[in-house]
Amino acid sequence: TDTLKAWSGRQSGLPEDMRLVAISESGPENIADYRTRNGIDIPIYSDATESFAERYEMTVLPTLVGVDAGGVVAFVRHGLGGDYSLEAAASALAEVEMERSMLSRERDTITAERDAIKADRDKQVAERLALQTERDAIIKERDSMQASRDALAKERHGFVELLKDG
């Protein structure tokens, strides 16, 4: 309760795409009264079945869950001592966002490099196929010329035989 009271009313100090919410193991029927009684303006969601708590191993209360602008859990911090401020949470989330952005750029660079390598390989394959086709055409032409040469030699041989006989 003390941490929620301390952080209550501080939403305006967060980056525009960051929101602070609380998760309670209490049922929804108790949350509204709790917020009013303690002057807490942070939204509080019920996790009466403790499925959220189990998923993020929330065994220490309070636990801070940083969720990025895309709705993806960026970090989970168990326990919030007096030294952990809202600004520190915003900074941690910004750091995670920056790291994700850097990893995304690296992934894009690797993808572009892979695509360039694939395009180069495809070009080499196409060039090799073109060279094989050209080689096959040359071999076919050579074989055709050899057949013509053989036919001419046979014909010449036939003329030579005729001249000898005649």
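Side chains are part of it too, since the values below use all heavy atoms of this structure and drop only hydrogens, waters and symmetry mates.
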Closest non-hydrogen atom pair, Ser24 against Ile44: CB-CG2, 3.7 Å
Decide if atom CZ of Arg55 counts as having more than 12 heavy atoms of other residues, nucleotides or ligands within a radius under 6.0 Å. no
To the nearest 0.5 Å, what is the distance between CG on Leu162 and NE2 on His157? 10.5 Å
Taken to the nearest 0.5 Å, the spacing of Ile139 CD1 from Arg135 CZ works out to 4.5 Å
Please give me the minimum heavy-atom distance between Ser46 and Ser26, naming the atom from each residue. OG-O, 2.7 Å
Look at Lys154 together with Asp150 and state whether they make a salt bridge at an N to O cut-off of under 4.0 Å. no
Whether Asp47 side chain and Phe52 backbone form a donor-acceptor pair below 3.5 Å: yes
Matching residue for Lys118 among Asp120, Asp115, Asp122 - test: side chain to side chain donor-acceptor pair (under 3.5 Å): Asp122
Rounded to the nearest 0.5 Å, how far does OG1 of Thr36 lie from CG of Asp41? 11.5 Å
Once you round to the nearest 0.5 Å, how far does CD of Glu127 lie from CD of Glu134? 12.0 Å
Is any side-chain heavy atom of Arg149 less than 4.5 Å from a side-chain heavy atom of Gln146? yes
Test question: given the 4.5 Å side-chain rule for I, L, V, M, F, W and Y, name all other residues clustered with Ile138, or answer none. none
Looking only at heavy atoms, the pair that brings Ile40 and Tyr34 closest together is CD1-CE2, 3.7 Å
Output yes when a side-chain donor or acceptor of Ser148 lies under 3.5 Å from a complementary backbone atom of Ser144, and no otherwise. yes
Does the side chain of Ser101 pick up a donor-acceptor pair with the side chain of Arg105 at under 3.5 Å? yes
Taking it one step at a time, do Arg142 and Met145 satisfy side chain to side chain contact (heavy atoms under 4.5 Å, CB included)? CA-CA 5 Å; Arg142 182 199 65 197; Met145 292 173 110; 5.7 Å; no
With sequence neighbours left out, what residues match Tyr45 under ring pair (Phe, Tyr, Trp, His ring centres under 6.0 Å)? none
Kindly determine whether Arg107 and Ile110 satisfy side chain to side chain contact (heavy atoms under 4.5 Å, CB included), including the steps that lead there. CA-CA 5 Å; Arg107 183 185 65 236; Ile110 290 168; 5.7 Å; no
Within a reach of under 6.0 Å around CZ of Arg37, are more than 12 heavy atoms found that belong to other residues, nucleotides or ligands? yes
Please round to the nearest 0.5 Å and tell me the distance separating atom CZ of Arg156 and atom CG of Leu163. 12.5 Å
How about CD on Glu106, more than 12 heavy atoms from neighbouring residues, nucleotides or ligands closer than 6.0 Å, or not? yes
Starting at NZ of Lys164, measure out to CD of Glu161 and round the result to the nearest 0.5 Å. 4.5 Å
Look only at the side chain of Thr133 and the backbone of Leu129, and say whether a donor-acceptor pair between them is shorter than 3.5 Å. yes
